[in-house]
Amino acid sequence: MTTVRHQTSGSAPQDSTHIPYVPALDGVRAASILLVMAAHMLPLGPGVLGMNAMAAKMGMSLFFCLSGYLIVSMIHRNPDLVTFLTRRLLRIVPSVVMYMMVLLLLLGIGWQAVLSNLLFVSNYWTVGLSGGPLGHMWSLSVEMHFYLAIAAATLVLGGRSVWLVPVAALIITGLRIEAEAYVNIKTHLRVDEILSGGCLALIALYQGDRLRQFFVSNRRTITALVVLGGLWVFSCRDDGGALNYLRPYLAASLVGVVMHCQWRPLLAVLEGRIAAYIARISYALYIYHLLMIWGWMNEGSTVERYLLKRPLSFALTFAAAHASTYYWEQYWQDLAKRLTQKRPARTPAE
């Protein structure tokens with residue numbers, strides 16, 4: 001990525017194949033994975049309060065939003081399908097294959113569960129999802145379905161396909177309302193959380209300068225964060241009612257404020273080295289964290305599980321994520337760059 005503080009908007013630039021780096025988004029990504037890990041690995045309060053379920057929804061809504069932002073930005077800048085699919089598939093698939101092999105060898109999971117995840121249909125063919133180390137893999141199916149859908153649209157429309165994203169988001173939200181689905185793992189009832197990030201990318205591309213000017217005021221920034229943050233948290237609760245349908249757009253709005261604001265105390269945390277490191281290994285943290293609380297690691301008294309075993313589980317998760325990121329994923333990402341670096345960049349008009 002090109003390391004710049006913010007991208008230029010207005011007449012959105014179309015001469016680069018790289019996505020400008022927004023350091024604050026590292027902090028958002030770090031927050032998203034920490035929320036998911038906390039939801040799955042820690043008791044966040046009395047069960048009656050539903051804090052764990054709320055934290056999981058919060059983390060996933062941010063994670064999906066960032067994914068949509070990245071993908072739509074990529075397609076807008078360079079709608080070359082070979083480059084897009086090569087880089088995304090080699091980003092996602094190798095770690096899934098490795099994780100399936102680990103589970104197959106260590107836990108002896110069935111071939112149906114392996115196949116369901118390798119084909120990225122586990123959010124519909126839910127073999128082995130419930131209560132085990134595969135319980136989170138459904139989200140990668142949603143991601144992959146989005147990749148394939150936008151790739152198909154780009155094949156027909158080129159870079160103009162990104163303008164289907166807002167329409168698709170509204171359609172999916174409409175399906176959720178019709179099905180009364182506050183939260184669901186099926187793509188057609190969940191992908192609006194990714195699509196909302198795509199909407200944010202389009203807004204940032206064309207209105208980013210105006211947003212930065214608006215959020216020069218720290219008072220405006222803090223007010224927006226408090227109001228949007230409060231609504232977003234409430235939209236992640238079952239007792240949030242119909243506000244759950246707005247969760248994708250509240251998450252995207254919150255991320256939009258963060259990436260365009262200039263409130264230094266907040267940015268100092270989000271742009272720090274710790275946040276950058278956690279963001280760097282976030283995908284692997286997500287992949288491996290449930291494995292580290294499986295079986296013996298989740299047995300025993302409350303004191304034994306949470307005071308003795310959980311610190312070990314967190315340490316093992318970070319160790320596995322570090323090794324996976326730098327000694328497995330990095331190889332495939334470098335390969336993807338080598339395979340695509342000589343391809344000429346296209347523009348949205350092509």
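Quick caveat, the model's predicted, so the values are computed rather than measured.
- The 12-atom threshold is not exceeded at CD of E178, counting heavy atoms of other residues, nucleotides or ligands nearer than 6.0 Å.
- Taking all atoms of both residues into account, the shortest heavy-atom contact from A320 to M292 is CB-CE, 3.8 Å.
- Both the sub-6.0 Å distance and the 45° axial angle are satisfied by R280 relative to the ring of Y326.
- For the residue pair E193/S61, the side-chain donor-acceptor check at 3.5 Å is not satisfied.
- Looking only at distances, no side-chain donor or acceptor of H322 sits under 3.5 Å from a matching main-chain atom of A319.
- Within the 4.5 Å cutoff, the side chain of L140 has no heavy atoms near those of the M144 side chain.
- The SG atom of C261 sits 4.5 Å away from atom CG of L267, with the distance rounded to the nearest 0.5 Å.
- To the nearest 0.5 angstrom, L285 atom CG is 8.0 Å from L34 atom CG.
- Taking the ring centre of F63 as origin, the terminal cationic atom of R29 falls inside the region bounded by 6.0 Å and 45° from the ring axis.
- We find the CG-OG1 distance between L228 and T223 to be 10.5 Å, quoted to the nearest 0.5 Å.
- Proximity of a side-chain donor or acceptor of N123 to a complementary backbone N or O of I185 within less than 3.5 Å is detected.
- Counting all heavy atoms, side chain and backbone alike, M60 lies closest to S139 at CE-CB, 3.7 Å.
- Ring centers of Y206 and W163: under 6.0 Å apart, within the cut-off.
- A donor and an acceptor atom, one from each side chain of D209 and Q213, are nowhere located under 3.5 Å apart.
- Contact record, R87 with K337: NH2-CA, 4.0 Å, taken as the closest heavy-atom pair.
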Would you please test F64 and D192 for side chain to side chain contact (heavy atoms under 4.5 Å, CB included) and show each step? CA-CA 9 Å; F64 277 148; D192 54 350; over 6 Å; no
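- A 6.0 Å sphere centred on CG of L308 holds more than 12 heavy atoms belonging to other residues, nucleotides or ligands.
- Heavy-atom contacts from other residues, nucleotides or ligands closer than 6.0 Å to NZ of K186 number 12 or fewer.
- Under the 3.5 Å distance criterion, the side-chain polar atoms of H145 are matched with a main-chain donor or acceptor of S141.
- Inter-residue side-chain proximity for V72 and I150 is flagged as met; some heavy-atom pair is nearer than 4.5 Å.
- N244 places a side-chain N or O within donor-acceptor distance of the main-chain N or O of R237, the cut-off being under 3.5 Å.
- F215 has its side chain out of reach of Q262: every pair of non-hydrogen atoms, C-beta onward, lies at least 4.5 Å apart.
- S161 and T154 share a donor-acceptor pair across their side chains, judged by distance under 3.5 Å alone.
- G132 approaches W294 most closely through the heavy-atom pair CA-CZ3, 3.5 Å.
- In this structure the side chain of R190 never reaches within 4.5 angstrom of the side chain of R176, judged on heavy atoms.
- The aromatic rings of Y124 and H188 sit parallel, their planes meeting at an angle under 30°, below the 60° perpendicular limit.
- More than 12 non-hydrogen atoms from other residues, nucleotides or ligands lie less than 6.0 angstrom from CD of Q341.
- Looking at W263, its side chain never comes within 3.5 Å of a backbone N or O of I222 through a donor-acceptor pair.
- Looking at I92 and Y283, their side chains come closer than 4.5 Å, going by heavy atoms from C-beta outward.
- For the pair K309 (side chain) and N298 (backbone), a donor-acceptor distance under 3.5 Å is absent.
- Looking at heavy atoms from C-beta onward, T86 lies out of side-chain contact with R343 at the 4.5 angstrom threshold.
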Given the rule in the side chain to side chain contact (heavy atoms under 4.5 Å, CB included) test, do F234 and D239 qualify, once you have shown the distances and angles that lead to the verdict? CA-CA 8 Å; F234 199 44; D239 54 14; 3.9 Å; yes
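- Closest heavy-atom contact between E143 and S67: OE1-OG, 2.6 Å.
- Other residues, nucleotides and ligands contribute over 12 non-hydrogen atoms within 6.0 Å of the CE atom of M297.
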List the steps and the verdict of side chain to side chain contact (heavy atoms under 4.5 Å, CB included) for V96 and M137. CA-CA 9 Å; V96 175; M137 298 298 284; 4.2 Å; yes
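- With hydrogens and angles disregarded, a donor-acceptor distance shorter than 3.5 Å links the side chain of N117 to the backbone of A113.
- Under the side-chain contact (heavy atoms from CB on, under 4.5 Å) criterion, V28 pairs with L25, L62, L66, V255, V258, sequence neighbours left out.
- Both V121 and V127 belong to a single network of hydrophobic side chains, linked directly or stepwise wherever heavy atoms of I, L, V, M, F, W or Y lie under 4.5 Å apart.
- Atoms OG1 and CZ, from T173 and R247 in turn, are 10.0 Å apart once rounded to the nearest 0.5 Å.
- With values rounded to the nearest 0.5 angstrom, S253 atom OG is found 9.5 Å from L246 atom CG.
- Looking only at distances, no side-chain donor or acceptor of S324 sits under 3.5 Å from a matching main-chain atom of A321.
- Side-chain contact check for V36 versus H289: some heavy-atom pair is nearer than 4.5 Å.
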Criterion side chain to side chain contact (heavy atoms under 4.5 Å, CB included) on Y21 and D26, from CA distance to verdict: CA-CA 9 Å; Y21 175 44; D26 282 345; 2.2 Å; yes
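- H136 and H40 share no donor-acceptor pair across their side chains, judged by distance under 3.5 Å alone.
- Between F84 and the choices I71, L89, N78, T340, the side chain to side chain contact (heavy atoms under 4.5 Å, CB included) rule is met once, by I71.
- Contact between L44 and A55 at its shortest, heavy atoms only, is CD1-CB, 3.6 Å.
- Looking at R220, its side chain does come within 3.5 Å of a backbone N or O of F214 through a donor-acceptor pair.
- Side chain of S235 to main chain of W232: a donor-acceptor pair is present (N/O by atom type, distance under 3.5 Å, no hydrogens or angles).
- Atom CG of D238 sits in a sparse spot, with 12 or fewer heavy atoms from other residues, nucleotides or ligands closer than 6.0 Å.
- W328 places a side-chain heavy atom less than 4.5 Å from the side chain of S95.
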